[in-house]
*Asks:* 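One structure, pasted below without further comment.
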Amino acid sequence: MDAEHKLEVRKLEILDKSKGFIELLQQLTICDSVSDKEFEERFQEINSYGDDHLICVIEDDRSGKIIATGSVFIEKKFLRNCGKVGHIEDVVVDSAARGMQLGKKIIDFLTDHAHSMGCYKVILDCSLENKAFYEKCGYKQKEVQMVKYFI
């Protein structure tokens, strides 16, 4: 990667759907096709939460494709003097762009956002095979995740 090739983290924009954002999410988990109307409605809804729900992306300035993404939302609690907790979700780096420290850039950006919002902690769930990556980002294993799916 030369000095001209900048891969910066930025907030999701409405035009990112046409830059492969949904296809990138499909590398992470089940993500059916989303119509332009559905995308715009969900984008506006998330945008209305302001800094309490942030989706960030990295766009490859050469190809114009979105090659990494992640999100954080801020949970407001009564615990810890009405504290806040950041929840990191949906972190994925395009399979062709792995090994370039883009995942770490995304995690650092989201973690910094949660910290700047006054969160006393940030939490995330990950697979066992991704545990070492998150440890390199400064996270540690704590307790056990449980899930119940409705579909």
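Excluded from the calculations below are hydrogen atoms, water molecules and symmetry mates; all remaining heavy atoms, backbone and side chain alike, are included.
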*Asks:* Which other residues end up in the same hydrophobic cluster as Val85, if Ile, Leu, Val, Met, Phe, Trp and Tyr are linked when side-chain heavy atoms come under 4.5 Å apart?
*Replies:* Tyr120, Ile123
*Asks:* Between Lys131 and Glu135, is the closest basic N to carboxylate O distance under 4.0 Å?
*Replies:* yes
*Asks:* Is there side-chain contact between Val91 and Ile107, with at least one heavy-atom pair below 4.5 Å?
*Replies:* yes
*Asks:* Indicate the atoms forming the closest heavy-atom contact of Glu41 with Lys37, along with that distance.
*Replies:* OE2-NZ, 2.6 Å
*Asks:* What are the two closest heavy atoms between Ser71 and Asp90, and how far apart are they?
*Replies:* OG-OD2, 4.2 Å
*Asks:* Working to the nearest 0.5 Å, report the span between OG of Ser127 and CD of Gln145.
*Replies:* 10.0 Å
*Asks:* With rounding to the nearest 0.5 Å, note down the distance linking OH in Tyr139 to NZ in Lys121.
*Replies:* 12.0 Å
*Asks:* Quick one: side-chain contact (heavy atoms from CB on, under 4.5 Å) partners of Ser95, sequence neighbours excluded?
*Replies:* Gln27, Arg98
*Asks:* Atom SG in Cys137, atom CD in Gln101: separation rounded to 0.5 Å?
*Replies:* 8.5 Å
*Asks:* Ile66: which other cluster members, linking ILVMFWY side chains closer than 4.5 Å, directly or transitively?
*Replies:* Leu12, Ile14, Leu15, Phe21, Ile22, Leu24, Leu25, Leu28, Val34, Phe39, Phe43, Ile46, Ile55, Val57, Val92
*Asks:* So, for Gly70 and Leu110, which heavy atoms are closest and what is the spacing to 0.1 Å?
*Replies:* C-CD1, 3.7 Å
*Asks:* Distance check, rounded to the nearest 0.5 Å: Ile88 atom CD1 versus Thr111 atom OG1?
*Replies:* 4.0 Å
*Asks:* Surrounding CG of Leu79 (heavy atoms of other residues, nucleotides or ligands, distance under 6.0 Å), is the total greater than 12?
*Replies:* yes
*Asks:* Could you give the distance from CD1 (Ile30) to CD1 (Ile151), rounded to the nearest 0.5 Å?
*Replies:* 6.5 Å
*Asks:* Indicate the atoms forming the closest heavy-atom contact of Ala68 with Val93, along with that distance.
*Replies:* CB-CG2, 4.0 Å
*Asks:* How does the hydrophobic cluster around Tyr149 look, that is, which other residues are in it when side-chain heavy atoms under 4.5 Å mark a link?
*Replies:* Val147
*Asks:* Looking at Gly103 and Phe133, what are the two nearest heavy atoms and their distance?
*Replies:* C-CZ, 3.5 Å
*Asks:* Identify the two heavy atoms, one from Glu23 and one from Lys17, that lie closest to each other, and give their separation to 0.1 Å.
*Replies:* OE1-O, 4.4 Å
*Asks:* Does any N or O in the side chain of Asp60 come within less than 3.5 Å of the main-chain N or O of Arg62, such that one atom is a donor and the other an acceptor?
*Replies:* yes
*Asks:* Begin with the C-alpha distance, continue with both residues' side-chain angles, and end with the deciding distance and a verdict on side chain to side chain contact (heavy atoms under 4.5 Å, CB included) for Lys105 and Ile58.
*Replies:* CA-CA 9 Å; Lys105 273 186 163 186; Ile58 296 176; 4.1 Å; yes
*Asks:* Under a 4.5 Å cut-off applied to non-hydrogen side-chain atoms, are Arg10 and Asp16 in contact?
*Replies:* yes
*Asks:* What pairs with Lys84 under side-chain contact (heavy atoms from CB on, under 4.5 Å), at least two apart in sequence or on another chain?
*Replies:* Ile74, Lys76, Cys119
*Asks:* Measure the shortest side-chain to side-chain distance between Ile67 and Leu7 over non-hydrogen atoms and say whether it is less than 4.5 angstrom.
*Replies:* yes
*Asks:* Name all residues meeting the ring-ring contact (aromatic ring centres under 6.0 Å, His included) criterion together with Phe73; count only those two or more places apart in sequence or in a different chain, and write none if there are none.
*Replies:* His87
*Asks:* If you define the side chain from C-beta out and look only at heavy atoms, does anything of Lys104 sit under 4.5 Å from Lys136?
*Replies:* no
*Asks:* Quick check for you: to the nearest 0.5 Å, what is the distance between Glu59 atom CD and Lys6 atom NZ?
*Replies:* 14.5 Å
